Peer 1: 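Below is one structure. I have some questions about it.
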Amino acid sequence: MSGPNTNYDPVQVSALDEARVEARVAEALAAIEGATTTAELKAVRIAHTGDRSPLALANREIGALPPQARKDAGKRIGSARGRVNQALAARHEELAAAELEAALVAERVDVTLPVVAHPRGAMHPLTALIEKASDVFVSMGWEIAEGPEAESEWFNFDALNLGTDHPARALQDTLWLDPVSDGKCMRTATSPVQIHTLLSKRPPVRIISPGKVFRADEYDATHLPVFHQIEGLYVDRGVTMAHLKGTLDAFARAMFGDVRTRFRPHYFPFTEPSAEVDLECFVCHGASVADPEHPCRTCRSEGWIEWGGCGIVNPRVLTACGVDTDEFSGFAFGMGIDRTVMFRNNAPDMRGFVEGDVRFSRSLLGGAR
Ligand code: DAH
């Protein structure tokens, strides 16, 4: 029987020899110190503390030793591994802090640097005026109506009592759609909305209809081939010219302040009697007429500004829409929105409405709202 092996072979377990262990530790500490990034340190950790590292391999040898030697070697290796792990943790803290610091410097946002400023837009002055006019009528209980921009000849002309020989039907005034024989055109006024409305609902009818209209016009400072009108229609029992005058006076005051309107006799096929409505100049209130020293740009010193057309709805129009003219009567009016913005805001050139320069919109909105 053999006793415990107290004299173990130092060659076989040389990995556990104190000098060798210290050498492994020194190598590990040097590698830890030499790592300059956390990524490098990770490789060092695997090489010096991983399963296949010299200290791990030496640790495995311990089991084969006699008890006393096992205890010594266990202490030695344990302390060696402890020192290496501590050094790893300390270096990791150092490197991670340095890396964070570098990232904070590299990614710093300089809030004082100039930026590309996105200029603010502005509501289009035509939209602004349409909204304001709509508010005035909606607050009086009227409704907003719409109609198509491409119309059949019957809606745009016949139903509105414009005869087949009316000059407005000519090619030079109206934009007809191909093929012309189909009798479709771009509406030349918002008036056909009157017809659509009367065909779709019974009186009482109180509508305004703002929208685009189209004419074969030049494109210059005072003409656009596409411009805007606002149409009004009131049909009920006993509607008179007095109601028309009162309504337009209220409209004018809501838009321009303390001003009057006046009617001048005129002719429109869809109204009888008809009138052109003028607005008292809201800038000089007529003072410039007798005062050549102080001319008024807004009314050109005439005291009044042409605003639109109006009248009592021609019974022929009501009849075309199946409305009983013994029971009902009505009034209608129509004005140019672009023109209204022009004189209301002293806009020099209509082309600004379509050229899309926000400075035009801003300049008109400034004093207007
Ligand atoms: N449609 C006319 C135009 O384009 C404007 C107009 C005048 C409309 C009198 C009306 C009206 O409703 O009664 O010039």
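Since the model is a prediction, treat every value here as computed from it, not as a measurement. Residues: numbered from 1 along the sequence shown. All ligand and atom numbering here is 1-based and tracks the order in the structure.
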Peer 1: For the residue pair H285 / E280, report whether a side-chain donor-acceptor contact shorter than 3.5 Å exists.
Peer 2: yes
Peer 1: At less than 4.0 angstrom from any non-hydrogen atom of A189, what atoms of ligand 1 do you find?
Peer 2: 1 (N), 4 (O)
Peer 1: Will you find, in the side chains of N156 and R187, an N or O donor that is under 3.5 Å from an N or O acceptor?
Peer 2: no
Peer 1: Verify whether one side chain among N85 and T49 offers a donor that lies under 3.5 Å from an acceptor in the other.
Peer 2: no
Peer 1: I need the contact type for M335 against ligand 1. Using non-hydrogen atoms and a strict under-4.0 Å cut-off, is it side chain, backbone, both or neither?
Peer 2: neither
Peer 1: Considering only heavy atoms of G309, which atoms of ligand 1 have at least one such atom less than 4.0 Å away?
Peer 2: 7 (C), 9 (C), 11 (C)
Peer 1: Among I144, L129, T190, which residue meets the side chain to side chain contact (heavy atoms under 4.5 Å, CB included) test with P210?
Peer 2: I144
Peer 1: Distance under 4.0 Å to a non-hydrogen atom of Q229: what atoms of ligand 1 satisfy this?
Peer 2: 3 (C), 4 (O)
Peer 1: Between F333, F227, F270, Y267, flag the one that comes closest to atom 2 (C) of ligand 1 by a heavy atom.
Peer 2: F270
Peer 1: Do any N/O atoms on Q194 end up under 3.5 angstrom from N/O atoms on ligand 1?
Peer 2: yes
Peer 1: Record the part of R215 in heavy-atom contact with ligand 1 below 4.0 Å; permitted values are side chain, backbone, both and neither.
Peer 2: side chain
Peer 1: Under a 4.0 angstrom heavy-atom cut-off, which atoms of ligand 1 come close to T271?
Peer 2: 13 (O)
Peer 1: Answer yes if the side chains of T38 and E99 hold a donor-acceptor pair under 3.5 Å, and no otherwise.
Peer 2: yes
Peer 1: What I want to check is whether the side chains of T261 and W307 have a donor and an acceptor closer together than 3.5 Å.
Peer 2: no
Peer 1: State the atoms of ligand 1, each with its element, that fall below the 4.0 Å cut-off from a heavy-atom position in S191.
Peer 2: 1 (N), 8 (C)
